[in-house]
Enquirer: 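Please see the structure below; I have some questions.
Order of the sequence lines fixes the chain letters, A, B, ..., with proteins taken first and strands second; residue numbering starts at 1 for each chain. Everything numeric in this text was worked out from a predicted model, so none of it was measured.
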Protein chains: 2
Amino acid sequence: MATAENVTEPMASWDPYTRGCPSRDLLDQIGSKWAVLVLGELGKHGACRFTRLRQRLAGVSEKMLTQTLRTLERDGLVRRTVYPEVPPHVEYELTPLGQTLRGPLRALTQWSVEHVDEVLAARQEYDVRAEGTA
Amino acid sequence: MATAENVTEPMASWDPYTRGCPSRDLLDQIGSKWAVLVLGELGKHGACRFTRLRQRLAGVSEKMLTQTLRTLERDGLVRRTVYPEVPPHVEYELTPLGQTLRGPLRALTQWSVEHVDEVLAARQEYDVRAEGTA
DNA sequence: GTGGCTACTTACCGATGGAGAGTGACCAGG
DNA sequence: CCTGGTCACTCTCCATCGGTAAGTAGCCAC
């Protein structure tokens, strides 16, 4: 259940349905397109360098990958390790906290893969009906 | 460009790590801030009217709520029922397909609530270190 | 001394999201 | 008869966000 190591007693309960609640913010972050994919990739294959990650997430811009990784690092979900070499060498991997997100994220990713066909069908049907209405 | 309309052929397996894959798109949609909250709310409390939904999701703009609901309806996750009355009366509820998303989404929402404190702490630590570096 | 490697950073620009006012249909009150 | 209120939008304006592409830094091979 709850972690036994809370430094201080947290608020009775955070609620993402409340305006301005940090949990809503966090939910938004971890659910964002690139964050889901980065975390998924690091979860599946372990530590990874910047360029490799960029290749695996076909289509990310360098800017967004950097930005996503920074946010994830700041949130304590990803650890960034710099090896002072030339050319630069940086590795990213999940922290223990990041590991705890693997389950929920995998469930979401799997859902989207498994139900894509149904959704695509629903869209077609919707669009056909919309055309008829228009 | 390639036509995206003959998607009836179910690919061997969709992969969100592939550029332009519909599953990546879908993952993005269902993970978006307002979609998560709308689906969560409809999952918890059942059918709901527009205005009520707007109150529960403290902070949504009407525009975004409308847009989110339309997308969800088009994707076959939410059913929209209009009662031809005055003043207008519209109800939204999860479809069976939408119901299958409850689990994954609840897991994600719960994670964010349960780990907000750790993340907040990590952010503080990161910011302190960053200040020292700067 | 030019190019290449790696991991960024910066500048620019179109797309997206939020705030807030307007719309249409109808009815109750004055 | 005219105003105000209800509900579910819809439209407009502006700020922020995401994508594209070019630039940066340090060192090495050619």
Side-chain angles (χ1 to χ4, degrees), chain A residues 16-21 24-25 27-38 41-42 47-74 78-93 126 130 133-134, chain B residues 1 16 18-21 24-25 27-38 41-42 47-74 78-93 126 130 133-134:
Chain A
Y17 287 88
T18 304
R19 189 174 198 158
C21 177
R24 175 183 285 188
D25 231 61
L27 187 52
D28 194 23
Q29 302 264 19
I30 62 179
S32 75
K33 183 162 68 169
W34 299 122
V36 170
L37 295 177
V38 165
E41 177 59 31
L42 294 180
C48 190
R49 302 180 59 168
F50 185 88
T51 305
R52 185 150 184 69
L53 213 44
R54 182 156 148 63
Q55 288 160 0
R56 305 241 204 176
L57 276 58
V60 224
S61 66
E62 300 194 338
K63 181 179 126 183
M64 280 317 293
L65 185 53
T66 307
Q67 203 174 102
T68 303
L69 286 166
R70 284 284 180 287
T71 305
L72 259 21
E73 191 198 354
R74 188 168 104 101
V78 163
R79 172 162 35 250
R80 178 171 182 266
T81 312
V82 180
Y83 299 90
E85 302 172 2
V86 167
H89 183 170
V90 181
E91 293 221 331
Y92 296 94
E93 63 187 320
Y126 181 96
T133 310
Chain B
M1 61 198 67
T18 304
R19 189 176 198 157
C21 178
R24 175 184 285 189
D25 230 62
L27 187 51
D28 195 23
Q29 302 264 16
I30 62 178
S32 75
K33 183 162 72 169
W34 299 121
V36 170
L37 295 178
V38 166
E41 178 59 32
L42 293 180
C48 191
R49 303 181 59 168
F50 185 87
T51 304
R52 186 149 184 69
L53 213 43
R54 181 155 149 62
Q55 288 160 358
R56 305 243 205 176
L57 277 57
V60 224
S61 67
E62 300 195 338
K63 181 179 126 184
M64 282 316 295
L65 185 54
T66 306
Q67 204 174 101
T68 303
L69 286 166
R70 283 284 179 288
T71 305
L72 259 21
E73 190 198 354
R74 188 168 103 101
V78 162
R79 172 164 32 253
R80 178 171 181 269
T81 312
V82 181
Y83 298 91
E85 304 172 359
V86 167
H89 182 171
V90 180
E91 293 221 331
Y92 296 93
E93 63 187 320
Y126 180 96
T133 309

Enquirer: Measure from CZ on A:Arg54 to P on D:dA21 and round the result to the nearest Å.
Expert: 11 Å
Enquirer: Rounded to whole angstroms, how far apart are CD on B:Glu73 and P on D:dA8?
Expert: 14 Å
Enquirer: Hey, does the side chain of A:Lys33 come within less than 4.0 Å of D:dG19's phosphate (OP1/OP2), counting only N and O?
Expert: yes
Enquirer: How many whole angstroms separate atom CD of B:Glu85 from atom P of D:dA8?
Expert: 10 Å
Enquirer: For the helix from C:dG1-D:dC30 to C:dG30-D:dC1, what angle lies between the axis at the first five pairs and the axis at the last five pairs, to 10 degrees?
Expert: 30°
Enquirer: Evaluate the side-chain proximity of B:Val78 to B:Tyr92: yes if any heavy-atom separation is below 4.5 Å, no if none is.
Expert: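 Yes, their side chains come closer than 4.5 Å.
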Enquirer: Residues two or more places apart in sequence or in another chain: which of them pass side-chain hydrogen bond (donor to acceptor under 3.5 Å, both in side chains) with B:Arg79?
Expert: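 Applying side-chain hydrogen bond (donor to acceptor under 3.5 Å, both in side chains) to B:Arg79 gives none.
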Enquirer: What's touching nucleotides 2-9 of chain C from the protein side, N or O pairs under 3.5 Å?
Expert:
from	atom 1	to	atom 2	distance (Å)
C:dT6	O3'	A:Arg49	NH2	3.1
C:dT6	O3'	A:Pro88	O	2.9
C:dA7	OP1	A:Arg49	NE	3.0
C:dA7	OP1	A:Arg49	NH2	3.1
C:dA7	OP1	A:Val90	N	3.3
C:dA7	OP2	A:Thr51	N	3.2
C:dA7	OP2	A:Thr51	OG1	2.5
C:dC8	OP1	A:Arg70	NH2	3.2
C:dC8	OP1	A:Arg80	NH2	2.3
C:dC8	OP2	A:Tyr92	OH	2.4
C:dC8	N4	A:Glu62	OE1	2.0

Enquirer: May I have the distance from A:Met64 (atom CE) to C:dC13 (atom P), rounded to whole angstrom?
Expert: 20 Å
Enquirer: Rounded to the nearest 0.5 Å, how far does CG of B:Leu53 lie from CG of B:Leu42?
Expert: 5.5 Å
Enquirer: Measure the distance from CH2 on B:Trp34 to P on C:dG18 and round it to the nearest whole Å.
Expert: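 Going from B:Trp34 (CH2) to C:dG18 (P), I get 6 Å.
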Enquirer: Measure the shortest side-chain to side-chain distance between B:Arg70 and B:Thr68 over non-hydrogen atoms and say whether it is less than 4.5 angstrom.
Expert: no
Enquirer: To the nearest angstrom, how far is B:Leu37 atom CG from C:dG18 atom P?
Expert: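 My rounded result for the distance is 11 Å.
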Enquirer: Under the rule for side-chain hydrogen bond (donor to acceptor under 3.5 Å, both in side chains), what residues qualify as partners of B:Thr18, not counting sequence neighbours?
Expert: B:Asp15
Enquirer: Would you kindly give the CG-to-P distance between B:Leu65 and C:dG20, to the nearest whole Å?
Expert: 17 Å
Enquirer: Could you tell me the separation between the CG atom of B:Leu53 and the P atom of D:dC7, rounded to a whole number of Å?
Expert: 14 Å
Enquirer: Between atom OH of A:Tyr17 and atom CG of A:Leu27, what is the distance when rounded to the nearest 0.5 Å?
Expert: 8.5 Å
Enquirer: Can you list everything that forms a side-chain hydrogen bond (donor to acceptor under 3.5 Å, both in side chains) with B:Thr66? Sequence neighbours excluded, please.
Expert: none
Enquirer: To the nearest 0.5 Å, what is the distance between CH2 (B:Trp34) and CG (B:Leu69)?
Expert: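 One finds 12.0 Å between CH2 of B:Trp34 and CG of B:Leu69.
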Enquirer: Restricting to pairs with a member in residues 53-69 of chain A, which pass salt bridge (Lys or Arg N to Asp or Glu O under 4.0 Å), not counting sequence neighbours?
Expert: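 Sorted pair list: A:Glu41-A:Arg56, A:Arg54-A:Glu62.
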